[in-house]
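Reminder, nothing fancy here: chain letters follow the sequence lines and each chain counts from 1.
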Protein chains: 2
Amino acid sequence: MTISQVSKRCNISPDTLRYYEKEGLLSGVGRTEGGVRNYTEQDCKQIEFIKCMRGAGLSVAVLKQYFELFKRGKRTLKARRDLLATERKSLQVRLTELQNTLSRLDYKISVYDKALKSKTKELKF
Amino acid sequence: MTISQVSKRCNISPDTLRYYEKEGLLSGVGRTEGGVRNYTEQDCKQIEFIKCMRGAGLSVAVLKQYFELFKRGKRTLKARRDLLATERKSLQVRLTELQNTLSRLDYKISVYDKALKSKTKELKF
DNA sequence: ACTTGACTTAGAGTTTACTCCAACTGCTAC
DNA sequence: GTAGCAGTTGGAGTAAACTCTAAGTCAAGT
């Protein structure tokens with residue numbers, strides 16, 4: 001697959017794909033004789049994984065670390081597991097925060113709806 | 001309250017507090033005769049609100065817009081409600097995404113745990 | 001051979017949200 | 001009255017994650 005095909009399929013710009021590769025999140029992307037990137041199905045899966053994790057707030061630096069561990073082979077299995085577990089933990093924390101903020105927004109919107117009905121009072125903020 | 005007191009209480013740096021004020025998220029912070037910021041309890045509540053919303057990913061620009069509507073008075077009640085509702089919606093979407101990613105991480109960690117037990121196989125990534 | 005369009009690289013530029021700096025002011029304590 | 005500290009301002013600097021530009025290459029079509 002060419003970069004533009006992967007770009008469309010994964011909905012990530014070619015620039016970003018090149019950037020991820022430069023940062024070491026995609027080490028083994030092959031090239032044609034002409035030097036053009038030739039992505040495999042595996043590459044795509046990995047890109048989807050990266051996209052998913054980036055969406056959840058994992059930094060490019062952490063993902064780089066993860067894939068660098070990978071390159072060092074089987075003996076880093078535990079380290080990778082632990083890295084993921086750490087990220088999982090902080091994701092869980094952020095999830096709970098977001099849930100609280102969602103409730104707070106719901107409450108605030110309900111206060112607005114009441115104020116709009118009574119057509120009299122203004123709010124503090 | 002002085003800026004350093006608020007900074008401690010809200011756990012936000014004085015620089016950030018000044019930055020928020022400059023950006024219009026805190027319009028009416030009073031000053032002493034000497035020109036020193038003098039925060040009220042209301043100001044603190046507002047700062048907590050800003051912190052909470054920033055934590056949930058609302059941009060400084062959106063919050064600025066919200067407080068600018070506020071300055072225009074009661075006739076912007078509906079606009080403010082709608083702004084909050086829009087943000088609530090996208091927060092909800094992100095929350096669902098994060099939940100999916102959390103599950104994915106859980107699964108991946110379980111795969112690692114299996115691989116660690118059997119002590120034989122490597123993973124794709 | 002020549003144009004066209006997609007691709008390559010290195011490196012510069014952008015955006016967001018801070019964070020830091022320099023130069024200055026105004027209390028408070030000695 | 002002056003040292004020291006907390007505060008002020010305007011503006012410069014930073015980090016992360018892209019995003020864009022310039023200059024060039026390559027393969028296909030005319």
Next item on the list: Find which nucleotide of DNA chain D each of I3(B) and T16(A) is nearest to by heavy atoms, and output the residue with the more 5' nucleotide.
Entry: I3(B)
Next item on the list: Indicate yes or no: at least one non-hydrogen side-chain atom of L77(B) is less than 4.5 angstrom from one of R80(B).
Entry: yes
Margin query: Which residues in residues 21-55 of chain A have a heavy atom closer than 4.0 Å to any atom of DNA chain D?
Written below: G34(A), R54(A)
Next item on the list: Determine, stepwise, if the pair R18(A) / R37(A) fulfils side chain to side chain contact (heavy atoms under 4.5 Å, CB included).
Entry: CA-CA 10 Å; R18(A) 281 187 282 255; R37(A) 281 174 185 78; 3.6 Å; yes
Margin query: Which heavy atom of L98(B) sits nearest to which heavy atom of A56(A), and what is that distance?
Written below: CD2-CA, 3.5 Å
Margin query: Students should find this one: the first and last nucleotides of DNA chain D, 5' to 3', lying under 4.0 Å from a heavy atom of chain A. What are they?
Written below: dA17(D) to dC26(D)
Checklist line | Expected output: side-chain S7(B) to main-chain I3(B) donor-acceptor under 3.5 Å | finding: no
Check: Just wondering, do E87(B) and M53(B) contact through their side chains at under 4.5 Å, heavy atoms?
Finding: no
Next item on the list: Identify, between G57(B) and R18(A), the residue whose nearest nucleotide on DNA chain C lies closer to the 5' end.
Entry: R18(A)
Next item on the list: For the residue pair R104(A) and K108(A), establish whether any side-chain heavy-atom pair is separated by less than 4.5 Å.
Entry: no
Checklist line | Test applied, side-chain hydrogen bond (donor to acceptor under 3.5 Å, both in side chains); reference residue, S13(A); option that passes from N11(A), D15(A), T16(A) | finding: T16(A)
Identify every side-chain donor-acceptor pair in residues 64-74 of chain A under 3.5 Å, counting partners at least two apart or on other chains, and give the distances.
residue: Y66(A); atom: OH; partner: Y112(B); partner atom: OH; Å: 2.7
residue: Y66(A); atom: OH; partner: F125(B); partner atom: O; Å: 2.2
residue: K74(A); atom: NZ; partner: T120(B); partner atom: O; Å: 2.6

Distance-only donor-acceptor hits, side chain of residues 45-52 of chain B, under 3.5 Å, sequence neighbours excluded:
residue: Q46(B); atom: NE2; partner: L25(B); partner atom: O; Å: 2.9
residue: K51(B); atom: NZ; partner: C10(B); partner atom: O; Å: 3.0

Checklist line | Considering all heavy atoms, the nearest M1(A)-N38(A) contact | finding: N-OD1, 3.1 Å
Notebook entry, point to check: Which is the 5'-most and which the 3'-most nucleotide of DNA chain C that has an atom under 4.0 Å from a heavy atom of chain B?
Noted result: dA17(C) to dG26(C)
Next item on the list: Would you check if L63(A) and V60(A) make a side-chain contact, meaning some heavy-atom pair closer than 4.5 Å?
Entry: no
Next item on the list: For DNA chain D, determine which residues of residues 7-14 of chain B have any heavy atom closer than 4.0 angstrom to one of its atoms, and list them numerically.
Entry: none
Next item on the list: Would you check, one step at a time, whether the test salt bridge (charged side-chain N to carboxylate O under 4.0 Å, His left out) holds for K78(A) with D82(A)?
Entry: CA-CA 6 Å; K78(A) 178 83 169 55; D82(A) 292 350; 2.7 Å; yes
Check: Are any of the side-chain nitrogens in E41(B) or K124(A) under 4.0 Å away from the carboxylate oxygens of its partner?
Finding: no
